[in-house]
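Have a look at the structure below before the remarks.
Residue numbers start from 1 in every chain, and the chains themselves are labelled A, B, ... in the order their sequence lines are given, proteins ahead of strands. Computation of the quantities below employed the complete heavy-atom set of this structure, encompassing side-chain atoms and omitting hydrogens, waters and symmetry-equivalent molecules.
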Amino acid sequence: MLDRYLPADFEPQWRARWKEADLFLTQIEPGRPKFYGLDFFPYPSGAGLSVGHCRNYVPTDAICRMKRMQGFNVLHPMGFDAFGLPAENEAIKRQRHPSEMIEEYAANYRSQMDLIGISYDWSRSFKSSDPDYYKWTQWIFKLLYERGLAERRMAAVNWDPVDMTVLADEEVIAGRAERSGALVEKKYIPQWFFRITDYAQRLLDDLDDIDWPEGIKQMQRNWIGRSEGVEFEMEVVIDPESIRPKEDDGDLEIEVLEKPLKFRVFTTRIDTIFGVTFCVLAPEHPVVDQILKRVNSQRKTEIDAYRQAAREMSDIDRQAVGREKSGVRTGALAINPLTNEAVPVFIADYVLMGYGTGAIMAVPGHDDRDFEFAEKYDLDVRPVIAPEGADELPDLPFSLKEGVLINSGDFDGCSVADAQAELGQWFETNEIGERKVNFKLRDWLISRQRYWGCPIPIVYDKEGHAETVPDDALPVLLPDVESYEPSGDGTSPLAHMEEFVNVTTRDGNLGRRETDTLGGFACSSWYFLRFCDPFNEDKPFSPESVAEWMPVDCYVGGAEHAVMHLLYARFWTKVLYDAGLVSVKEPFQRLKNQGQVLGHTPYRAPREGEKLGVGEEGILISYQEAEVLPAEDVIWRWVRMSKSKGNVVTPNEAVEQYGADALRLHELFVAPFDQSVNWTNEGMNGTARFLSRSLKWVSDGRNHFESEWSNRIDSAPADERSKRIRRVTHQLIAKAESDIDRFSFNTYVAAMMTALNSYAELGFAEQMSDAERLAWSEALESFTLVLSPGAPHTADEMWEGLGHFGFTLEATWPQSNASLAADDQITVAVQVNGKLRDTIAMPAGAPKEDMEEAALASEKVQSHLSGVTIRKVIVVPGKLVNVVAS
RNA sequence: GCCGGGGUGGCGGAAUGGUAGACGCGGCGGUCUCAAACACCGUUGGCAGCGAUGUCGUGCGGGUUCGAGUCCCGCCCCCGGCACCA
C-alpha cells in the first residue's frame with residue numbers, strides 16, 4: 001500500500017473498482033432501518049460544477065456512507081432538473097437543441113460527481129425531460145385537475161418581457177423577474193393555476209412538525225402570511241356636495257341608482273373601529289365603477305385620471321420604498337356600522353386589490369400608512385388605544401397590541417384582546433360581518449409560454465371546454481422541432497405547430513391542444529417520489545416503495561429555494577397524501593442548507609465616464625488584469641462563485657492538484673456546514689497532509705495488525721498502553737458518529753486529526769504486549785472505517801493495506817464502547833474566586849472530599865488564600881473546585 | 001421598518017453554565033538538503049517579565065451566578081429574507 005497521499009496513484013483505481021462492483025446500487029434488505037439522503041435536484045448548467053456545488057454533495061455523501069455502514073438501507077439517488085427556462089435560454093444562446101444539450105451537460109455533471117467519489121445510485125437516475133418521467137408529471141397534473149386543484153382562469157399575471165412568458169408570484173422579486181431581471185408587466189390573459197391557497201393552513205401548520213432551519217420555516221410562514229381579523233360590510237352614500245345633479249341622470253336607470261352601494265373591508269384590528277376617520281379603496285375596486293355613476297363630473301374626472309395613472313404604473317414603481325402616499329376623494333361616504341358615522345371614501349394605490357377585499361377602514365391614529373395619508377389630506381386622527389396605566393399617550397401614530405380602549409363609547413377601558421373578541425361577536429350577531437382568516441399566499445401560476453417544458457395534458461373542444469387527455473394517451477410528447485424560440489405574443493411556440501395543436505376530443509370531434517407548458521417547478525415537485533420507484537411503468541410510483549423510503553430523512557441544498565421548490569413540493573405531497581398515494585404529509589423530514597462558497601474576485605473602481613450598474617460595487621476585472629494593475633487600484637471581494645465572475649474553482653482542478661479525498665475532507669473541514677466559505681486552494685494542503693500522515697501511520701502499523709483482533713481483545717489482559725490506545729479509538733468512534741449525525745462535519749474531521757495525533761504520540765512500541773498489539777489492530781481498523789465516509793478512496797486503500805478484501809462501504813461501522821472511552825484520569829481545574837489557579841490530576845471518579853482536599857493542598861492555591869477566609873468550596877465532580885474566599 | 005442568523009487569535013473555527021482558543025491554515029525557529037520544495041520536530045492570543053508567574057481578553061453597557069463566549073435586559077455592527085398584505 002501507499003505510505004503517502006499520492007492521489008493520482010490510487011484514487012482513480014478505486015473509483016473504477018467501485019463502478020465495476022456496482023457498489024452504489026441501492027440495496028434493500030428486509031428488517032433494516034432505512035435512510036433516504038437527497039440533494040436538491042440540480043439543473044445541469046454548461047459551466048459544470050464548481051467546488052461550491054460540492055459543498056452539499058460531499059456532506060450528504062458522507063452521511064449516506066456512514067448510514068450504509070451502520071446497517072441502514074440507504075437511498076442516495078441523483079437526477080437532473082432538465083426542463084425549464086434556464087435550459088431553454090442556454091440552448092437558444094448556443095443555437096442548440098435543449099434536449100441534446102442537456103444530455104451532454106448532465107453527463108458532464110455526472111462525471112464530475114463521480115470524480116469526487118459521490119456514492120449515487122445512477123441506475124435510478126432520470127431527467128425531468130425524459131418522457132418516462134414527464135408522463136407521470138402529466139398524470140399528477142390530471143390528478144390535481146380532477147380534484148379541482150388545477151384550473152384555467154383569467155387573471156392579471158406577471159409577464160416577463162425578456163423571457164416572454166408569465167411567471168409565478170414567487171418568481172418575481174420586488175417587481176423584477178428573478179431570473180431575467182426584467183421589470184415584469186401586467187397582462188390580463190387566461191392562465192393555469194394550482195390552487196395552493198386551499199392548502200395554506202396545512203402548509204403553515206405542518207411546519208411545526210419538521211426539522212428545518214428556523215429561517216426557512218419563518219420565510220415560508222411569512223410567504224403564506226396568515227392573519228386573523230374581521231371582514232364586514234360598509235354602506236356607501238354620496239356626499240351631497242359631490243352628488244351628480246338630477247338633470248344629468250339622462251339614460252341611467254332609476255333602479256341602478258337606488259340599488260344600495262356597499263363594500264367589504266378586512267381588518268386585523270377591529271378594536272380600533274372607533275378610530276376610523278376615512279376609508280380607502282384600491283383604484284381597481286369594482287365599487288368605484290358604481291360610485292362614478294353617482295358623482296358629479298368634477299369627481300368623475302379626478303377619479304378617472306387617478307385610476308388611469310395607477311393602471312399605467314408598473315408594480316415596481318407603485319411599490320417603491322418611501323414613495324409618498326397619493327389618492328383622490330371619491331365623493332362617497334362610508335357608514336361606520338358601529339357608530340353610524342359617515343367618513344369620506346378615497347381611492348389610493350397603497351391599498352392593493354389583490355389582498356383581502358381591496359378596501360380598508362383607515363385608522364390613522366394607529367397605522368403608519370393611514371397616518372401618512374391623513375397628514376397629506378388633512379384628515380382627522382383619533383387615538384382609540386392607550387397604554388395600560390399610562391398618563392400620556394405616545395406620539396401618534398402608534399401600534400399597540402396590548403392596551404385599553406379610549407374614545408370608544410361603551411368599550412372604553414376594555415382591553416384590546418377583549419374588544420377584539422366582543423366586537424367580532426357583535427359583527428356576527430348583527431350579520432354585518434364575520435371573523436375571517438386571510439392569507440397572503442396566492443395561487444401558483446404554473447403555465448408558461450415556452451417550448452422546453454412538460455406539455456399540459458388538456459384538449460379544448462370547439463366551444464373551448466377543457467378536457468383531460470386519457471391516461472392511455474399519455475405522455476403528450478413534446479414535439480421535437482428545430483425552431484422553438486418564444487413567439488412573444490403571449491402564446492407558446494407550440495401554438496404555431498399545427499400537427500401538435502390539432503387533435504380529436506374524446507368524443508371524436510376536432511379539438512385543440514393546450515399549448516402552454518408547465519413551469520419547471522412542477523417537474524421538481526415530485527421527483528423525490530419517483531426515485532423511490534424509478535422503473536415503474538404502470539404508475540408514477542407504487543405505494544409500497546414510497547412507504548418504504550419516504551420521507552426524505554436528510555434533504556440538502558441551498559437556501560435560495562426557501563419558498564419556491566420547497567413550498568410547491570410540500571403542496572404536491574399533501575395532495576398526493578389526500579389522494580391516498582403517499583403515506584406522508586411532509587416530504588422532507590430534515591432539511592439542511594449548506595453555506596455558500598465564495599471566490600476571491602478582483603474589481604476596480606470605475607474610471608471617468610464609466611457607470612456602475614444597480615447594486616454593483618466596482619468593475620469586475622480578470623485575474624490577469626488584476627496582476628497588471630497597481631495593487632492599490634484593485635479591490636478584492638469575496639463573491640459567490642460563478643462562471644460570469646471568472647472566480648470558479650472546479651472540482652477537476654482541485655482533484656488534479658490536491659486529490660479527491662483532500663478536496664472532500666477540505667469541503668467538510670473548512671467551516672461549519674451552513675456557513676459561507678472564502679475559498680482558497682491552499683486549505684487543501686492541510687487535509688492532504690493529514691491523509692499522508694494517515695497512510696503513513698497505517699502503513700507502519702500494519703505489520704502489527706492482527707485481523708482476528710476482535711475475537712481476542714476482550715480476553716487479553718489490558719495494560720496501561722493498550723487502555724490508552726483503546727480510549728483514543730473509542731472516543732473517536734463516538735465523536736465521529738454523533739458529529740456526522742448532527743452535520744458537524746468540521747469537528748468530525750478535527751476528531752480524526754486529533755486521534756491520529758494521539759496515536760502518533762503513543763507510537764508503536766518496539767516490544768509490544770499482546771494487549772497492545774490487539775489495541776493497535778482495533779485502532780488501525782476503526783480509524784480506517786471512521787475515515788471512510790469522508791475520504792473513501794484513502795480508506796479503501798488502507799483497508800486493503802490491512803489485508804481486507806472488498807470495500808469499507810460494505811464493512812460494518814465500528815461500535816464505540818463508553819466504558820473504554822472513559823478517561824481514568826481527570827484534570828481538575830482549581831479556581832480561587834472563579835479564577836483558575838491550578839490544575840490537578842486525579843483518578844476518575846474521585847469523591848468530592850478528595851477533590852476538595854487536593855485543591856486546598858495545592859501550593860498555588862494556598863498562595864492565593866493567605867490572609868483571606870474561605871467562605872465556601874464548590875466542587876463539581878470530575879471537573880473543578882472553586883474556593884470562594886474573602 | 002419587520003423576521004431570521006451571526007460577531008471568539010493574523011485567518012477558518014472549537015467549547016452539555018465549569019481550565020476560552022480543540023483541530024487546521026498561516027507565521028516563527030530548527031532537522032534533512034549543495035540549495036529549495038516536500039516531509040518531520042518545536043513554537044505561536046495581547047501586554048509585562050530572563051523566568052516562575054502575573055495581568056488583560058469571546059462586539060459594547062448592565063445584570064443573574066461561587067463561576068458567563070454560553071443565561072437575562074438594553075444597545076452597536078455584519079449577513080440573509082420580506083417589505084404599503086390592512
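Comparing A:T680 and A:R837 against RNA chain B, the residue whose closest nucleotide sits nearer the 5' end is A:T680.
Backbone-only engagement by A:S227 is indicated by non-hydrogen atom pairs under 4.0 Å involving sugar-phosphate atoms exclusively. Within 4.0 Å of A:G225, counting heavy atoms only, lies no atom of the nucleic acid at all. Using a 4.0 Å heavy-atom cutoff across all strands shown, A:H666 reaches no nucleic acid atom at all. Looking at heavy-atom distances under 4.0 Å, A:P213 makes no contact with the nucleic acid at all. Among the atoms of the strands shown, none is found under 4.0 Å from any heavy atom of A:V265. Within 4.0 Å (heavy atoms only), A:I173 reaches sugar-phosphate atoms of the nucleic acid but no base atom. A:R689 comes within 4.0 angstrom of sugar-phosphate atoms only, judged by non-hydrogen atoms across all strands, and of no base. Note on A:N746: only backbone sugar-phosphate atoms sit closer than 4.0 angstrom, heavy atoms only; bases stay farther off. Nucleic acid contact for A:D674: none, since no nucleic acid atom lies under 4.0 Å from a heavy atom of the residue.
The separation between A:Q831 atom CD and B:A20 atom C1' is 12 Å, rounded to whole Å. To the nearest angstrom, P of B:C40 lies 15 Å from CD of A:E761. Rounded to an integer number of Å, the gap from CG of A:D739 to P of B:C23 is 15 Å. Atoms CE (A:M753) and C1' (B:G13) sit 12 Å apart, rounded to a whole Å. The distance from atom NZ of A:K835 to atom P of B:U65 is 19 Å, rounded to the nearest whole Å. To the nearest angstrom, P of B:G12 lies 10 Å from CD of A:Q675. Whole-Å rounding puts the A:E170 CD to B:C82 C1' distance at 13 Å.
In this structure, B:C40 forms a base pair with B:G30, meeting either the Watson-Crick or the G-U wobble geometry with both donor-acceptor distances under 3.5 Å.
Taking atom P on both nucleotides, B:C72 is separated from B:G5 by 13 Å, rounded to a whole Å.
In this structure, A:N593 contributes its side chain and A:G557 its backbone to a donor-acceptor pair below 3.5 Å. Although no hydrogens or angles enter the test, the distance criterion places no donor-acceptor pair under 3.5 Å between the side chain of A:S744 and the main chain of A:I740.
In this structure, NZ on A:K401 lies 8.0 Å from OG1 on A:T268, to the nearest 0.5 angstrom.
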